[in-house]
Student: 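Can you keep this structure in mind? I'll have questions shortly.
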Amino acid sequence: MAVALSPASSARLRPQSAARFISFLNNITTGRNVLTGFRTLTNKAPTFPPFLHCYPGVRHLRRDSPAFNRRCFSSAIVGAISSEEAVEKAKKEFLEKPDVGTGQKVREFRKRLRIADIKGGPDEGLDRVGQTLVVKGWVRTLRVQRSITFMEVNDGSCLSNMQCVINSDAEGYDQVESGSISTGASVWVEGAIVESQGSGQKVELRVTKVITVGKSDPSFPIQKKRISREFLRTKAHLRPRTNTFGAVSRVRNALAYATHKFFQENGFVWISSPIVTASDCEGAGEQFCVTTLIPSSRDASDSLVDTIPKTDDGLIDWSQDFFGKPAFLTVSGQLNAETYASALCDVYTFGPTFRAENSNTSRHLAEFWMIEPELAFADLSDDMACATAYLKYVVRHVLDNCKEDMDFFNTWIEKGIIDRLSVKWGCDLQSEHERYVTEEAFAGCPVIITDYPKEIKAFYMRLNDDGSTVAAMDVLVPRVGELIGGSQREERLEYLEDRLDELKLNKETYWWYLDLRRFGSVDQCQMAKEDQTLFHATILKPFSSCRFWFGLRKTCAVCHWNREHKGCNTFPTDTRLSRILMPILT
């Protein structure tokens, strides 16, 4: 029987307390009432008549009752317990008594000792020399020699492996001789930390005992050799064991942690925005549809088109769908975040978003995580200040806490990446225009570009006084392109309605959004950084390289500026560029 105790929450129960029982009624076969088990906690018989609350009005349960031997969740009011102190005392007695319940005490949870804990300090493990430790992980390499075996074990906590030296007198050495331990196998290793005699590490583990936890088949495909990413795509379930994807996972984890830490420290409230929505936030119409109209009782590939319900006009009858209307996977949580910003001031979303853009480039993903802060009582200057502070914060956090992984990226993935993430910010852009802006115009600094033409931006961005541009901004960094995008929201109801009309968007669909302007609207802004932009496989791939060149398609005398702008070194000029360039001060 499992027992949970808590103070009574109902006013009718005060000042008494409640004891909640999850019990199996087969205790009744012993002739005992279920509630007599309470004697174990209080050493006193209950002061109330024994009856089951899940069967109202039934004070005694007969053996021939249908409810006999049936699982029951019941609550009882304990009149003998009159204070929270008594409840806590009963809980303590229960937890400390080893013969109660399962017959043993639940042990305290402790953090597992990881290889990163052993080798991650400034001494790289030398401060642990002489200690006997246990290492658990997977075998990366195994070199068997005549009288000694070298085994490298990795547990995923860091890039470095723990070199384990196994002599023939170690307990479990027969597993090495029999071939039970091989590359890819999971092992439990115990031994003493000693100074390493070889190069590449300062300490190693002199093994006294080794146990094979899980064997590895000889066909294990991840061996100690350079493996192409194209091959790893066919082994996606095993690629986290490689150095590259392990490092990417740890850096993404550090970025996610730093993101939450930054916004929490600055008073933001995290909002879980819906994944399924009826709104097209970006207005591009490139969304994944969510529907139950396709039969799910069998393989979807066998479904006939005729099984999809239609109206008399031959159109899809969405009224028969799960939600009664078309629904999609969200492309952004920012509209939902506005509803909370209108009540909680500063909020942010950090969750999955989806884009159905049929593009096979490194700049577009079908699924990625988006970071979208929403600031109330703020204008575009506040938005830019927040974006700058956030970017500096997460970059510094990664450089300080992921040094080994970043060194690996700098050596094997993309040379110079650490320099570009530091205050120098790097050079050499793939786009000629971005190269001019970030290198020549502002001497290699990251650049914020503001005031975009309204024709290429969403309806919710605030219209500027010139009537042709909106209060929007993008953060550009060398060789990355757009890293953060943001805008000030349109807080004026009449302007918002006009924009919806201009873009031919149904105002009835956005009635709730317009209500936010009717009832206590405030100045607010938003920014978004797509999480996949940083450290996605090849590290710092740009998401959108030419997005900010808005109305310049016919201003370039050489190529008239098409979308790619290839083969042209001419920097276009336009009067609308007068207020759009602003450096980030480092």
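Each residue takes its place number in the sequence, starting with 1.
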Student: Roughly how far, to the nearest 0.5 Å, is the CD atom of E190 from the OG1 atom of T208?
Tutor: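 So the gap between those two atoms works out to 4.5 Å.
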
Student: Using atom types as modelled and distance alone, determine if a side-chain donor or acceptor of D379 lies under 3.5 Å from a backbone N or O of D382.
Tutor: yes

Student: Heavy atoms only: give me the nearest S157-R250 pair and the separation to one decimal.
Tutor: O-CD, 3.6 Å

Student: Without swapping roles, check the side chain of E372 against the backbone of A337 for a donor-acceptor pair under 3.5 Å.
Tutor: no

Student: Might you work through the side-chain contact (heavy atoms from CB on, under 4.5 Å) test for L205 and V153, ending with a clear yes or no?
Tutor: CA-CA 10 Å; L205 190 69; V153 177; over 6 Å; no

Student: Side chain of Q287, backbone of F328: donor and acceptor closer than 3.5 Å?
Tutor: no

Student: Which heavy atom of M473 sits nearest a heavy atom of A387, and at what distance?
Tutor: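 Scanning both residues, the minimum pair turns out to be CE-CB, 3.7 Å.
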
Student: State whether a side-chain donor-acceptor pair under 3.5 Å links Y173 with T149.
Tutor: yes

Student: Donor-acceptor pair, distance only, cut-off 3.5 Å: does the side chain of S196 make one with the backbone of E204?
Tutor: no

Student: In the structure I gave you, are the side-chain heavy atoms of V331 and T353 within less than 4.5 Å of one another anywhere?
Tutor: no

Student: Using a 6.0 Å cut-off, check whether atom CZ of F288 has over 12 heavy atoms from anything other than its own residue.
Tutor: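 Yes.
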
Student: Between T388 and I448, is a side-chain contact (heavy atoms from CB on, under 4.5 Å) present by the stated rule, with each step listed?
Tutor: CA-CA 9 Å; T388 303; I448 292 180; 3.9 Å; yes

Student: Got a donor-acceptor contact below 3.5 angstrom from the N410 side chain to the I417 backbone?
Tutor: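 Present.
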
Student: How many angstroms lie between CG in L126 and NZ in K119, if you round to the nearest 0.5 Å?
Tutor: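 Answer rounded to 0.5 Å: 10.5 Å.
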
Student: How about F459: does its CZ atom have over 12 heavy atoms from other parts shown lying under 6.0 Å from it?
Tutor: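 Count over threshold, so yes.
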
Student: Count the heavy atoms of every other residue, nucleotide or ligand shown that sit under 6.0 Å from CD of E265, and state whether that count exceeds 12.
Tutor: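 Yes, CD of E265 has more than 12 neighbouring heavy atoms, counting only those of other groups under 6.0 Å.
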
Student: Counting only N and O atoms by type, is there a donor-acceptor contact under 3.5 Å from the side chain of T411 to the main-chain atoms of F408?
Tutor: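 Flag not set: sc T411 to bb F408 has no pair under 3.5 Å.
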
Student: I418 and M406: which non-hydrogen atoms are nearest, and at how many Å?
Tutor: CD1-O, 3.8 Å

Student: Just wondering, do Q201 and S160 contact through their side chains at under 4.5 Å, heavy atoms?
Tutor: no

Student: Kindly assign one of parallel, tilted or perpendicular to the pair Y393 and H397, based on the angle between their ring planes and the thresholds 30° and 60°.
Tutor: parallel

Student: Look only at the side chain of S186 and the backbone of G214, and say whether a donor-acceptor pair between them is shorter than 3.5 Å.
Tutor: yes

Student: Which pair of heavy atoms, one from F268 and one from E374, lies closest together, and at what distance?
Tutor: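 What the structure gives for the nearest pair is CE2-O, 4.2 Å.
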
Student: Does some side-chain heavy atom of V189 sit less than 4.5 Å from a side-chain heavy atom of M151?
Tutor: yes

Student: May I ask you to check whether T242 and T244 show a side-chain donor-acceptor distance below 3.5 Å?
Tutor: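 No, T244 and T242 have no side-chain donor paired with an acceptor closer than 3.5 Å.
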
Student: Are any side-chain N or O atoms of D407 and backbone N or O atoms of E404, one a donor and one an acceptor, separated by less than 3.5 Å?
Tutor: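 Between the backbone of E404 and the side chain of D407 there is no qualifying donor-acceptor contact (under 3.5 Å).
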
Student: Taking the side chain as everything from C-beta on, heavy atoms only, tell me whether T330 gets closer than 4.5 Å to C281.
Tutor: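 With C-beta onward as the side chain, the pair stays apart.
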
Student: Considering only heavy atoms from C-beta outward, does the side chain of K136 approach that of V213 to under 4.5 Å?
Tutor: no

Student: Is R112 close to D155 at the side-chain level, that is, under 4.5 Å between some pair of heavy atoms?
Tutor: yes

Student: Could you tell me which non-hydrogen atom of G333 sits nearest to which non-hydrogen atom of T349, and how far apart they are?
Tutor: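 Between these two residues, the closest heavy atoms are O-CG2, 4.0 Å.
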
Student: Between R140 and N243, is there a side-chain heavy-atom distance shorter than 4.5 Å?
Tutor: yes

Student: Atom CZ in R489, atom CD in Q524: separation rounded to 0.5 Å?
Tutor: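 With rounding to 0.5 Å, CZ (R489) is 7.0 Å from CD (Q524).
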
Student: What's the spacing between R462 CZ and Q488 CD if we round to 0.5 Å?
Tutor: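 These two atoms lie 5.5 Å from each other.
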
Student: Treating R241 as the side-chain partner and G184 as the backbone partner, does any N or O pair qualify as donor plus acceptor under 3.5 Å?
Tutor: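 Looks like yes, one N/O pair under 3.5 Å.
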
Student: Side chains of N266 and D346: donor-acceptor distance under 3.5 Å anywhere?
Tutor: no

Student: Between Y390 and F263, does a ring pair (Phe, Tyr, Trp, His ring centres under 6.0 Å) hold up when you go through it step by step?
Tutor: CA-CA 8 Å; Y390 166 75; F263 289 114; 5.4 Å; yes

Student: Please confirm whether the backbone N or O of G125 pairs with a side-chain atom of D123, one donor and one acceptor, at under 3.5 Å?
Tutor: no

Student: Does a side-chain heavy-atom distance below 4.5 Å link V207 with N167?
Tutor: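 Result no, sub-4.5 Å side-chain heavy-atom pair not found.
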
Student: So, using side chain to side chain contact (heavy atoms under 4.5 Å, CB included) as the criterion, who are the partners of W270 when residues are at least two apart?
Tutor: H260, Q264, S272, Y348, F350

Student: Tell me which donor-acceptor pairs under 3.5 Å the side chains of residues 233-240 have, and how far apart each pair is, sequence neighbours excluded?
Tutor:
| residue | atom | partner | partner atom | Å |
| --- | --- | --- | --- | --- |
| T234 | OG1 | F231 | O | 2.5 |

Student: Could you tell me the separation between the CD1 atom of I222 and the CD1 atom of I227, rounded to the nearest 0.5 Å?
Tutor: 4.0 Å

Student: So with a 6.0 Å cut-off around CG of N358, is the heavy-atom count from everything else above 12?
Tutor: no

Student: Using side-chain contact (heavy atoms from CB on, under 4.5 Å), reason through N401 and Y257 one step at a time and then give a plain yes or no.
Tutor: CA-CA 11 Å; N401 295 277; Y257 174 77; over 6 Å; no

Student: To the nearest 0.5 Å, what is the distance between CG on N161 and NZ on K224?
Tutor: 8.0 Å

Student: Show the nearest heavy-atom pair for residues D405 and A247, with the distance to one decimal.
Tutor: OD1-CB, 3.5 Å

Student: Going by distance alone, is a donor N or O of one side chain under 3.5 Å from an acceptor N or O of the other, for E338 and Y460?
Tutor: no

Student: Run T277 and N336 through side-chain contact (heavy atoms from CB on, under 4.5 Å) and show every step you take.
Tutor: CA-CA 10 Å; T277 178; N336 184 259; over 6 Å; no

